[in-house]
Amino acid sequence: MPALTLTIDGRLVSSRAGETLLQVIRGNGIDLPTLCYLEGLSPRGGCRLCMVEVAGREKPQAACVTPAEEGMVVTTGSERLQRYRRQIVELLLAERNHTCSVCVVNGQCELQSLAARFGIDHVRYAYLSPRLPLDASHQRFGMDPGRCVLCARCVRTCDEVEGAHTLDLRGRGVRSCISIDLNEPWGRSETCTTCGKCVQSCPTGALFEKWTARGEKVRAPELIPRILAWRETHER
Amino acid sequence: MAETISINPVTRIEGHTRIDIFLDDSGAVTDARFLATSFRGFEAFCLGRSFWEMPGITARICGICPTSHALASALAGDRLLGLTVPPTAVKLRRVLALAQVIQSHALSFFFLSLPDFLPGLRDDPARRTLTELARSHPDLVTNAVQLRRFAHDITSRVGGGVVHPQWIIPGGMAEPLSEKVRQEFLSQIPGLIAIATATIAQFRQMSDGLRLAGRLGSLPTLYLGLTSAEKTLEYYEGELTVMDRKGTLLMAGAVPERFPELVAEELSSWNYLKGPYYAPLGAVDGSYRVGPLARLNLVARAGTRLADAELATFREQVGAGHPVHDVFFAHHARLIEIMAALERLQELLDDPTIIDRRVRSRAEVNQSKGIGVCEAPRGTLCHEYHVDENGLLERVNLVIATVQNSPAMNRAVREIARREIRGARLTEEVAQLLQIAIRAYDPCISCATHAAGSNGLVIRLVAPDGTVVQAFPT
Ligand code: SF4
Ligand code: SF4
Ligand code: FES
């Protein structure tokens, strides 16, 4: 595989062709924030938290979907980028009902730790506080759309890893929601295999195992790439 | 001219309230009401949520007694699941309930009420503050801090949260207790019992000098609360007991789940507090009180050695066999309960099974209705949940101690206002007396209305035409 040379935050680094900027950046020990990206799943470029500046391109680029190119000069942490990232997380918090103190994933939530990382101690946007009903119809799992950040990690996991494609996105913009089959209660889904992978991949408390209390959800998103790796080993 | 006087705010209570005193044209007091002036609506916004979240959500009703709300909520959740909680989890929940009593009573007695008692009544209001108390009696404040720190440590290390104990969950406890933590708590108890003993002695001394007995409203009421089957103090589960004004038991040995059927609520047009009464006797005769005074009236014995000795003294005040109606003695009752709680904690922690690892039962939703009742520091607390087949809440009813005491508080305020207000003026002394009376009930308005809001109690004198003629503080 041909090697490429790039400059990241003033440092010369090399990468293999076909890698994304995110892979190169993380491969070089830089902790670039992400939310919709989950190793093993097809990248989506939805949340924009991974955005970086590339010399010569006016708009910031989502690193998870931007291929590394020869000679690129990349900045990962400029003042502007930090401001944007903070705004994104604030908007996510304002869009739905993130009441961490009573959430199943309190203390282990990716959204919460991003907020902490960016020092978000208050939100400058008006809360929309939408009234979104819980779906507790599934025997084992629950879904609270009020905590969903629309990253679609669950959608891709269900489709690409489990192969069930039970989940999808419906609606537009901030009003989008995860929909199950043809917008059925989860408990009535005929395609769901009850594998639980979507729950593991979800970065927030939007998907959870029932009978978990506050802060009890154990997240293991790293299961997803591990499952894919095992599968590859078996197929070989 | 007929007038209104308001007192605003009366501090050192929990929440936002007002006392309105109504005058006639001659300036005589016609009526007085203790009101809650804020509204929160927990019962409404919880609808559609899962009962699994309720211990966490309802613990946020109150920063003083979050453990009590979590316990009542988890108990209601246990019923929805239709399971039996492992015995060790029951013991751990009892430990938390007792810590809650110590924490809240120490706050009420030392920090909210002592500043009235120690400089002496009618003293300069500027001297009736906690800072002043810390300066004049540092030993007492240190004692209070030690008791409260111990209780907070239990909440955090047995309950999983400094303020909001998150390990109290439907089905039991999320985490067991470790031997190390058990030993640490056990080692602290003797020192705290010494503190409680000394505080009781100090209180007896100052209470004689205060001459407040008989002046804070002592209308007889019924009493309601939980007791153990042996008629000793019990804060978690136990049996519902109701006593009449003369000390005769109207009801004993009832399962706590019967609470909603025994208590009816009267909604009021002028107050966010509902006015509950003992249903079998009707709204007029069924007025009852809950809380420390009620509990000590209801039990035959406290159930522990030192607390029982002090309970005998407590009862001598009115003569054995009679309920103590005078709310001033609620302070004494709180101190006895702190003592009993420390002794009970010693017993519970001495029990080697308290560190058993099996603390959680699991089940799916098996019942559509769940009722959880426990004794919060301020009295009986009831959470009633109705859920759909998936465990989502369709109806929530929370009956809170302060709400149950509010009719009695109203009567006390009326009694004091009628007796003490002269010439349609609210003097500093009367305003202080009204506040002391309200504080003796240790009301928690945040709980009562499940309401947010800043601190303070306003007292207003109101003329027949509705104008406010005097407000306190001005
Ligand atoms: S449990 Fe498995 S099959 Fe069902 S929605 Fe989640 S990922 Fe898809
Ligand atoms: S449910 Fe979870 S994984 Fe799915 S889109 Fe929402 S936040 Fe992402
Ligand atoms: S992680 Fe790249 S856009 Fe979400």
Side-chain angles (χ1 to χ4, degrees), chain A residues 96-109 112 122 127-148 177-178 180-181 183-189 192 194 196 199 202 204-219, chain B residues 41-42 44-61 63 66 69-71 73-74 77-78 80-83 85 89 156 159-175 359-366 368 387-394:
Chain A
R96 299 269 160 117
N97 311 313
H98 296 282
T99 313
C100 303
S101 53
V102 296
C103 179
V104 284
V105 77
N106 188 11
Q108 299 192 53
C109 172
Q112 190 184 41
H122 64 282
Y127 285 94
L128 299 184
S129 309
R131 249 201 122 87
L132 295 165
L134 281 174
D135 184 341
S137 59
H138 192 281
Q139 197 206 353
R140 284 184 48 203
F141 310 122
M143 172 161 72
D144 182 355
R147 299 175 185 148
C148 175
C177 268
I178 295 299
I180 289 156
D181 285 353
N183 203 10
E184 296 281 331
W186 205 347
R188 269 200 254 140
S189 166
C192 174
T194 312
V199 177
C202 178
T204 69
L207 300 178
F208 52 90
E209 261 183 88
K210 281 171 134 184
W211 53 84
T212 40
R214 264 168 303 158
E216 275 202 317
K217 174 173 169 180
V218 184
R219 288 187 339 100
Chain B
F42 268 77
F45 71 63
C46 290
L47 299 185
R49 302 305 304 183
S50 159
F51 72 97
W52 283 105
E53 297 179 315
M54 288 303 269
I57 293 176
T58 57
R60 266 85 189 164
I61 289 174
H69 282 287
L71 286 172
S73 181
D78 299 342
L80 293 171
L81 298 169
L83 47 66
V85 175
S156 116
V162 189
V163 177
H164 303 106
Q166 63 172 357
W167 293 341
I168 302 173
I169 53 171
M173 295 291 296
E175 296 285 336
V359 291
R360 180 172 189 175
S361 304
R362 288 168 197 268
E364 292 179 27
V365 176
N366 285 302
S368 61
V387 296
D388 68 10
E389 70 273 23
N390 298 320
L392 301 185
L393 291 153
E394 291 178 321

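Letters A, B, ... mirror the listed sequences (proteins, then strands); counts begin at 1.
- When all heavy atoms of A/Ala136 and B/Leu392 are compared, the pair lying nearest together is CB-CD2, 3.8 Å.
- Salt bridge status for A/Arg147 with B/Glu53: present, with a side-chain N to carboxylate O gap under 4.0 Å.
- Residues B/Glu364 and A/Lys210 form no side-chain contact, since every pair of their non-hydrogen atoms from C-beta on lies 4.5 Å or further apart.
- Neither the backbone nor the side chain of B/Leu393 comes within less than 4.5 Å of any heavy atom of chain A.
- Heavy atoms of B/Arg49 lying under 4.5 Å from chain A belong to its backbone as well as its side chain.
- Residue contact with chain B, scored on non-hydrogen atoms closer than 4.5 Å, involves the side chain of A/Asp144 exclusively.
- B/Arg60 places a side-chain heavy atom less than 4.5 Å from the side chain of A/Ser101.
- For a residue to count as touching a neighbouring chain, one of its non-hydrogen atoms must lie under 4.5 Å from one of that chain's; by this rule B/Pro170 does not touch chain A.
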